[in-house]
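Every value quoted in this text rests on a predicted model; they were computed, and no experiment measured them. Lettering of chains follows the sequences in order, A, B, ..., and the numbering in each one begins at 1. In what follows, every heavy atom counts, from backbone to side chain, and hydrogens, waters and symmetry copies are set aside.
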2 protein chains.
Amino acid sequence: MLRPIVMAAVAAAVLLVSPTSHAQFAKPEDAVKYRQSVFTVMGRSMGGLNAVVRGDRPYNAAEVQRNAEIIAMMAGLPWTAFGPGTESPKALPAIWKEGDKFKKAQDGLQDAAAKLVAASKTGKVEDLRGAFGNVGASCKACHDDFRGK
Amino acid sequence: MLRPIVMAAVAAAVLLVSPTSHAQFAKPEDAVKYRQSVFTVMGRSMGGLNAVVRGDRPYNAAEVQRNAEIIAMMAGLPWTAFGPGTESPKALPAIWKEGDKFKKAQDGLQDAAAKLVAASKTGKVEDLRGAFGNVGASCKACHDDFRGK
């Protein structure tokens, strides 16, 4: 009877550990560095699209689509890096105190970013402008509530 | 005659400026921060796949594929951030002195990363292992030649 019990215990341990180990970082600083890096990569592509939307850079379909795809991919990444014990000056306590609201903000960004990718494929700068504006509004709303100075 | 000349001059200016403005960063520090952020994001996904390949994390097809796609996307991004005047302690002078070799290293990574994405879709850990090893070898070769301590 021992062996099945041990195996069951191992299986249970794996089940318990797996989702956490996916999210876990070796040190809190690693989590902070990771999420900040994600936002840096996203910010560069936002800047690129902003220049197109403002007319400061010519509309290049491939570049526009690539930037939209980078933004959409980045929009899914930073959230697991806001684990307990990863407070930083730019991450306000509201992130941990108002988890539901923070989650809603994440979902809002991911939704807006998915629509940005769709808009980037029409080849029309007007479509890009609207979708880009919504992503920007999503960024700003979350920054207002959850980002320190 | 003036108008066509002016228009031609504008067109020439746009042609001259566009590719550069795509690559340009406002400050050299911005370029350094951007490329380091890209490598941080890539490194996290490499770590995730490494754990799977070593058997330290269960094979989760969706997670494996997502990490491969993150790596492939990141593999295309940092290179324009190695412009003139963006030297940093971790970026060896060879980057600027041996441009062709550096370009070949970039292409090697991008090729290996594309194959990693393909391998991530077969659902077989052996396929992942081989393709992941090639990406890792690509990273290492480039670090050996171009990355400072």
Side-chain angles (χ1 to χ4, degrees), chain A residues 10-27 29-52 54-60 62-81 117, chain B residues 10-11 13-27 29-52 54-81 117:
Chain A
V10 169
V14 168
L15 280 174
L16 280 173
V17 169
S18 308
T20 324
S21 75
H22 169 55
Q24 256 174 5
F25 289 79
K27 293 170 288 179
E29 310 87 271
D30 293 345
V32 173
K33 186 182 171 187
Y34 179 74
R35 68 199 188 203
Q36 289 179 345
S37 295
V38 169
F39 289 121
T40 295
V41 174
M42 184 159 20
R44 167 90 177 148
S45 289
M46 286 296 288
L49 292 185
N50 189 42
V52 174
R54 291 168 61 103
D56 296 337
R57 188 185 297 182
Y59 187 100
N60 173 316
E63 189 188 301
V64 160
Q65 198 175 323
R66 196 164 96 124
N67 275 324
E69 281 165 356
I70 292 167
I71 290 163
M73 183 171 270
M74 293 305 106
L77 300 186
W79 318 118
T80 57
V117 172
Chain B
V10 169
V14 168
L15 280 173
L16 281 173
V17 168
S18 307
T20 323
S21 75
H22 168 56
Q24 256 175 5
F25 288 80
K27 293 171 287 179
E29 310 88 271
D30 293 346
V32 173
K33 187 182 170 188
Y34 179 74
R35 68 200 189 203
Q36 289 179 346
S37 295
V38 168
F39 289 122
T40 295
V41 174
M42 185 160 20
R44 167 90 176 148
S45 288
M46 286 296 288
L49 292 185
N50 189 43
V52 174
R54 292 167 60 101
D56 295 338
R57 188 185 296 180
Y59 187 100
N60 173 316
E63 189 188 301
V64 160
Q65 198 175 322
R66 197 164 96 123
N67 275 324
E69 281 164 356
I70 292 167
I71 290 163
M73 183 172 271
M74 292 306 106
L77 300 186
W79 318 118
T80 58
V117 172

Where do B:Gln24 and A:Arg44 come nearest, in terms of heavy atoms and distance? O-NH1, 3.0 Å
In this structure, OG of B:Ser45 is separated from OH of A:Tyr34 (nearest 0.5 Å) by 5.0 Å
Nearest heavy-atom pair of B:Met74 and A:Met74: which atoms, and what distance? CE-CE, 3.2 Å
Given side chains that start at C-beta, do those of B:Leu77 and A:Arg66 come closer than 4.5 Å, heavy atoms only? yes
Distance col, row A:Asp30:CG vs B:Thr40:OG1, nearest 0.5 angstrom, shows 9.5 Å
